[in-house]
Amino acid sequence: MPISAPPSPGHTPVRADSPVRPAPVAAPPPAPRLRPADREVLWLYLLTRVAVWTTAYCTRWLFPASGDARVPAPVLAPFEHWDWGHFLNIARDGYFPEGPGEGDNREAFFPGLPLVLRAVHVLIPHWTVAGLLVSLVAGAVAAVALARIAELHLPGSRAGRRAALFLLVSPCAVFLAAGYSEALFLALALPAWLAARRQRWLLASVLAAGATTVRISGLFLAAALVVLFLTTPTTPPTRRDEGTSRKRDAAWLVLPGLPALLYFWYLYGRTGDPMAWKHAQERGWYRHFRAPWEAWSQTWHEAFDRTQATGYAAQFQADLLAMVLGLLLLGVLLVRRRWPEAVYLALTLWALGTSYWYMSVARSTLLWWPLWVGLAVWSVRRRWVAIAYLCLVAPLSTVLAITFMSGRWAG
């Protein structure tokens with residue numbers, strides 16, 4: 001009969017018939033907020049910002065406003081063009097410093113970016129630096145969020161980094177670096193979409209409401225969120241509280257519309273016209289409603305019939321090409337039954353394609369996240385796609401960046 005060893009001091013012997021308790025397992029450490037893939041995207045983002053600033057520096061020296069200039073333009077001058085002036089004026093002076101109907105149609109721009117710009121200006125006295133800082137931070141958030149959305153389509157692949165790369169080097173990517181509203185909109189809209197895909201509807205609705213303060217496109221995002229909510233498969237509620245939670249999630253989806261209503265109410269109080277933003281767009285940018293085929297015909301006329309200077313004609317040509325690309329993308333989304341993304345893109349194309357002529361359609365491609373996700377997924381499956389894309393857009397991105405930074409955008 002074997003002799004058991006005596007128990008060690010402080011040890012309680014376990015009886016054969018007593019239940020065995022497993023040793024406690026240490027809880028895994030919390031996942032870092034930034035994953036290695038996110039860090040790669042941020043490094044990529046930083047490198048593209050260096051490229052943008054290098055282009056800005058060279059533009060100051062090589063493309064001055066005067067051909068015989070002996071001194072380059074100020075360091076920040078390449079980023080102080082066009083819509084930046086409107087955002088600056090709103091942030092600094094408000095919408096109606098001279099009274100309703102006496103301004104420069106600045107009410108066409110939603111208040112989100114001017115409000116953020118004014119807040120940052122409290123810490124950063126230089127307005128242009130404050131605007132560039134807002135776009136710098138917002139662009140980083142947008143790049144990481146876009147990469148995470150792409151990873152939902154092909155987990156474990158490089159689709160996320162490809163999507164971020166394709167956006168950051170796209171032909172109109174210079175507007176993500178300037179003090180424009182695209183970067184801030186994406187920094188709110190893309191995390192909203194990511195939250196909705198994870199069925200975190202309250203967070204998605206709050207972020208989408210923030211996006212609506214920046215651009216009217218936030219309402220298109222809100223419509224897409226509603227469709228995503230309705231088409232997301234759910235298990236039938238087994239308890240009453242689960243059904244109540246579903247109804248509560250649906251109720252949150254009204255939040256994105258509130259900022260637009262508040263802005264319309266503000267305009268009504270100041271001008272008596274809740275649609276003053278739309279009428280300002282009509283006065284300043286000829287965004288009168290026209291049938292889609294009439295808008296296409298007018299844009300084609302301006303692009304190819306030699307009625308405009310070559311700079312303006314080139315912009316109309318770019319907008320025509322972007323509209324064709326958008327329609328092709330919409331067709332792909334419909335065929336693949338990506339109904340929420342199709343709703344977002346269809347509303348965007350309708351808004352852009354029903355004015356007197358096309359304007360800013362090429363810039364709007366920055367906001368078409370299904371395009372960048374689709375290209376990324378395609379490039380993972382077909383290696384030549386990434387090479388072809390980069391070879392095609394690299395010269396376009398450089399030319400358009402120089403055109404904008406030298407003050408020659410739109411003719």
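Asp38 has a carboxylate O that lies under 4.0 Å from a charged side-chain N of Arg35, or vice versa, which qualifies the two as a salt bridge. Salt bridge annotation for Arg287-Glu282: absent, with no cationic side-chain nitrogen under 4.0 angstrom from a carboxylate oxygen.
In this structure, Trp384 has its ring center under 6.0 Å from that of Trp378. Residues Tyr57 and Trp53 keep their aromatic ring centres 6.0 Å or farther apart. Taking the ring centroids of Trp350 and Tyr344, they lie at or beyond the 6.0 Å cut-off. Checked against the 6.0 Å centroid criterion, the rings of His288 and Tyr356 do not qualify as a close aromatic pair.
When Phe63, Tyr180, Phe79, Trp84 are each tested for a ring pair (Phe, Tyr, Trp, His ring centres under 6.0 Å) with Phe404, only one passes: Tyr180. Between Trp369 and the choices Trp193, Phe166, Phe185, the ring pair (Phe, Tyr, Trp, His ring centres under 6.0 Å) rule is met once, by Trp193.
Annotation: side chain of Val174 is not in contact with side chain of Leu400 (no heavy-atom distance under 4.5 Å). Residues Leu367 and Thr348 fail the side-chain proximity criterion, which asks for heavy atoms closer than 4.5 Å. With contacts defined as side-chain heavy-atom distances shorter than 4.5 Å, the pair Thr271/Phe96 qualifies. The shortest side-chain heavy-atom distance between Ser364 and Leu352 falls under the 4.5 Å cut-off.
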What donor-acceptor contacts under 3.5 angstrom involve side-chain atoms of residues 321-342, with partners at least two apart or in another chain?
from: Arg338; atom 1: NH2; to: Glu341; atom 2: OE2; distance (Å): 3.0

Do any side-chain atoms of residues 212-229 form donor-acceptor pairs under 3.5 angstrom with protein atoms, and if so which ones, sequence neighbours left out?
from: Thr212; atom 1: OG1; to: Ala208; atom 2: O; distance (Å): 3.0
from: Thr212; atom 1: OG1; to: Pro256; atom 2: O; distance (Å): 3.0
from: Thr213; atom 1: OG1; to: Gly210; atom 2: O; distance (Å): 2.5
from: Arg215; atom 1: NH1; to: Ser181; atom 2: OG; distance (Å): 2.9
from: Arg215; atom 1: NH1; to: Glu182; atom 2: OE2; distance (Å): 3.4

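Looking at residues two or more places apart in sequence or on another chain, you find a side chain to side chain donor-acceptor pair (under 3.5 Å) between Ser379 and Arg162. Asp83 pairs by the salt bridge (Lys or Arg N to Asp or Glu O under 4.0 Å) definition with Arg363, not counting sequence neighbours.
The main-chain N or O of Leu34 is found under 3.5 Å from a side-chain atom of Arg39 such that the two form a donor-acceptor pair. Between the side chain of Asp319 and the backbone N or O of Ala362 there is at least one donor-acceptor pair closer than 3.5 Å. For the pair Thr365 (side chain) and Val361 (backbone), a donor-acceptor distance under 3.5 Å is absent. Formation of a donor-acceptor pair under 3.5 Å by the Thr403 side chain with backbone atoms of Val399 is found in this model.
Trp293 and Ser297 share no donor-acceptor pair across their side chains, judged by distance under 3.5 Å alone.
Here salt bridge (Lys or Arg N to Asp or Glu O under 4.0 Å) pairs that include residues 124-147, with residues two or more places apart or in two chains, number zero. Applying the ring-ring contact (aromatic ring centres under 6.0 Å, His included) test to pairs two or more places apart or on separate chains, those with a residue in residues 114-143 are His121-Trp127.
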Gln298/Glu294 under side chain to side chain donor-acceptor pair (under 3.5 Å): CA gap, chis, key distance, verdict = CA-CA 6 Å; Gln298 184 64 41; Glu294 293 177 346; over 6 Å; no
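Using the six-membered ring where Trp is involved, Tyr266 and Tyr263 have ring planes that are parallel, under 30° apart on the 30 and 60° scheme.
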